[in-house]
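Here's the structure, in structure tokens; my notes come after.
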Amino acid sequence: MTETAKRLTQYAHGGGCACKIPPGELEDVVAGLTTAPEAPNGELIIGLDTGDDAAVVRLPGSRGGLAAVATADFFTPVVDDPYDWGRIAAANALSDVYAVGGRPLVAVNLLAWPRGVLPFELAREVLRGGLDVAAEAGCHVGGGHSVDDPEPKYGMAVTGVADPAALLRNDTGKPGLPLTLTKPLGVGVLNNRHKATGEVFPHAVAAMAALNRDASAAALDAGATCATDVTGFGLLGHLYKLARASGVTAVVDAAAVPYLDGARESLRAGYVSGGTRRNLDWVAPHTDFRDLPEEDRLLLADAQTSGGLLVAGEIPGEPVIGELVPAGEHPLVVR
């Protein structure tokens with residue numbers, strides 16, 4: 001590796017969405033922060049209440065009804081290659097728009113860079129990766145904001161549009177609906193292995209850089225109204241939020257959950273992030289694990305970066321990993 005191709009993951013205390021503030025701590029911070037303006041410029045359809053993926057506001061006076069979607073997401077390096085990091089971070093930020101059934105229109109870059117430590121040539125590659133994925137999504141990139149920071153971080157703030165009558169939310173799940181997962185799990189342990197060893201996993205990079213655009217469109221075409229994306233809180237964390245918001249119990253068939261090649265082996269080798277363990281600690285009191293081994297529990301809580309959509313409904317060609325049932329003793333059951 002050349003001097004200019006420095007290992008970006010070594011300049012970050014965490015990696016990707018695994019560096020999120022733990023979900024329980026975050027909920028305590030934002031509790032009660034829902035004050036509405038005296039004269040709102042639009043109707044807030046999706047806000048902070050259930051911890052959904054993006055904010056959605058119905059625009060007044062729009063012909064046929066139109067909603068604006070707003071979100072922001074950024075994180076520390078998840079891979080060493082700057083171009084790939086930019087692609088992954090952009091796909092991850094755009095995912096929040098797709099997770100509510102929207103279409104991204106314009107994004108602005110969010111860049112923190114240790115200007116006295118890492119060369120700007122690397123920052124340019126990060127931005128180029130983000131630009132290329134945004135272009136693939138049909139989303140303009142209109143500038144952004146940068147700061148000098150001891151730790152590199154990159155992401156985007158994204159604005160999109162959606163049909164307010166055809167949204168995907170995390171609080172509309174109903175008993176009897178199957179649960180579909182559109183990307184395999186395991187990028188968390190593979191990324192942690194990459195950070196520790198430098199070993200590259202191209203299939204994990206491809207999964208993270210892939211847009212959730214087609215999955216979102218397929219979910220809407222199938223008549224789904226309930227979905228979320230699977231990122232830093234892991235499958236179980238995001239599913240717990242969905243089940244809690246919808247007032248149902250989510251049952252997961254552990255044997256049906258797909259994983260990336262090498263994920264289980266990496267976990268057995270000890271490449272488990274602190275974020276994954278915090279995820280499991282958070283959901284464990286709300287989950288009936290029955291006799292599920294600890295290894296499987298950790299994989300289901302694995303902190304994902306730019307994961308797939310978790311849809312309450314069936315999408316042709318995608319794996320069904322469980323179902324929603326009437327609320328029981330636990331919001332989550334893993335069988």
Side-chain angles (χ1 to χ4, degrees), residues 17-18 20-28 50-51 170-171 173-193 226-305 307-312 318-335:
C17 290
K20 279 186 173 182
I21 294 174
E25 296 177 20
L26 184 60
E27 288 187 346
D28 290 341
T50 63
N170 71 357
D171 62 354
K174 304 295 182 187
L177 290 174
L179 290 169
T180 300
L181 181 64
T182 67
K183 286 185 185 181
L185 303 181
V187 297
V189 288
L190 291 175
N191 287 342
N192 211 35
R193 183 171 180 171
C226 181
T228 187
D229 63 354
V230 180
T231 54
F233 301 153
L235 173 68
L236 292 182
H238 290 283
L239 184 54
Y240 168 57
K241 291 175 65 176
L242 185 153
R244 182 180 61 180
S246 297
V248 298
T249 286
V251 180
V252 177
D253 181 356
V257 177
Y259 293 99
L260 291 168
D261 290 344
R264 191 171 294 273
E265 293 78 6
S266 296
L267 182 135
R268 290 172 178 168
Y271 298 107
V272 181
S273 70
T276 291
R277 296 191 184 278
R278 290 190 292 270
N279 289 342
L280 184 56
D281 289 343
W282 184 54
V283 300
H286 313 290
T287 307
D288 177 3
F289 281 112
R290 302 189 178 179
D291 58 353
L292 191 74
E294 180 76 3
E295 175 181 294
D296 293 275
R297 299 183 189 196
L298 285 167
L299 284 171
L300 291 172
D302 188 41
Q304 303 300 282
T305 296
L309 296 189
L310 178 63
V311 181
E318 302 290 355
V320 172
I321 64 163
E323 62 179 332
L324 300 181
V325 300
E329 180 181 356
H330 294 90
L332 297 181
V333 175
V334 185
R335 61 191 181 197

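Basis for what follows: all heavy atoms, side chains included, without hydrogens, waters or symmetry-related copies.
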Tell me every residue that passes side-chain hydrogen bond (donor to acceptor under 3.5 Å, both in side chains) with Thr182, counting only those two or more places apart in sequence or in another chain.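 Per chain and number, Thr182 pairs via side-chain hydrogen bond (donor to acceptor under 3.5 Å, both in side chains) with no residue.
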
Who pairs with Arg277 by side-chain hydrogen bond (donor to acceptor under 3.5 Å, both in side chains), at least two apart in sequence or on another chain?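 Listed in chain order: nothing, the list is empty.
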
Between atom [atom1] of [X] and atom [atom2] of [Y], what is the distance when rounded to the nearest 0.5 Å?
X: Leu298; Y: Thr276; atom1: CG; atom2: OG1; value: 7.5 Å
X: Leu181; Y: Ile321; atom1: CG; atom2: CD1; value: 5.0 Å
X: Phe289; Y: Leu236; atom1: CZ; atom2: CG; value: 5.0 Å
X: Leu300; Y: Leu332; atom1: CG; atom2: CG; value: 10.0 Å

Glu318: salt bridge (charged side-chain N to carboxylate O under 4.0 Å, His left out) partners, not counting sequence neighbours: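 Listed in chain order: nothing, the list is empty.
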
For Arg297, salt bridge (charged side-chain N to carboxylate O under 4.0 Å, His left out) partners two or more places apart: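 Residues passing salt bridge (charged side-chain N to carboxylate O under 4.0 Å, His left out) with Arg297: none at all.
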
Ring geometry between Trp282 and Tyr240 (parallel below 30°, tilted from 30 to 60°, perpendicular above 60°):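 Perpendicular, since the angle between the ring planes exceeds 60°.
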
Pairing residues for Pro319 by the side chain to side chain contact (heavy atoms under 4.5 Å, CB included) criterion, not counting sequence neighbours: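 With neighbours one apart ignored, the set is Pro258.
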
Side chain to side chain contact (heavy atoms under 4.5 Å, CB included) partners for Val252, two or more places apart: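 Per chain and number, Val252 pairs via side chain to side chain contact (heavy atoms under 4.5 Å, CB included) with Leu239, Val257, Val334.
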
Can you give me the closest heavy-atom contact between [X] and [Y], atom names plus distance?
X: Val325; Y: Val248; result: O-CB, 3.5 Å
X: Ala254; Y: Leu292; result: CB-CD1, 3.8 Å
X: Leu190; Y: Ser266; result: CD2-OG, 3.4 Å
X: Pro331; Y: Ala243; result: O-CB, 3.7 Å
X: Leu324; Y: Ala312; result: CD1-CB, 3.9 Å

Mind jotting down which residue pairs meet the ring pair (Phe, Tyr, Trp, His ring centres under 6.0 Å) criterion with at least one end in residues 250-272? Sequence neighbours excluded, please.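 Counting only pairs at least two positions apart or across chains, no ring pair (Phe, Tyr, Trp, His ring centres under 6.0 Å) contact touches residues 250-272.
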
Within the side chain of Asp302, is there an N or O that forms a donor-acceptor pair under 3.5 Å with the backbone of Gly188?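 Yes: the side chain of Asp302 pairs with the backbone of Gly188.
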
Any non-hydrogen side-chain atom of Leu235 less than 4.5 Å from a side-chain atom of Leu310?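 They are in side-chain contact.
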
Does any part of the side chain of Gln304, heavy atoms only, come nearer than 4.5 Å to the side chain of Val187, both counted from C-beta?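 A side-chain contact exists here, since the closest heavy-atom pair is under 4.5 Å.
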
After noting the C-alpha distance and the side-chain angles of Leu242 and Cys226, does the key distance pass the side chain to side chain contact (heavy atoms under 4.5 Å, CB included) rule? CA-CA 8 Å; Leu242 185 153; Cys226 181; 3.7 Å; yes

By the salt bridge (charged side-chain N to carboxylate O under 4.0 Å, His left out) test, which pairs, at least two apart or in different chains, include something from [range]?
range: residues 324-335; result: Glu323-Arg335
range: residues 254-273; result: Arg264-Glu295, Arg264-Asp296, Arg268-Glu295
range: residues 183-192; result: none
range: residues 227-240; result: none

Within the 3.5 Å criterion, strictly below it, is a donor on Thr50 or Asn170 matched to an acceptor on the partner's side chain?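 Distance-only check passes for Thr50 and Asn170.
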
Please list all pairs meeting side chain to side chain donor-acceptor pair (under 3.5 Å) that have one or both residues in residues 242-257, counting only residues at least two apart or in different chains.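 Listed once each, the pairs are Glu27-Arg244.
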
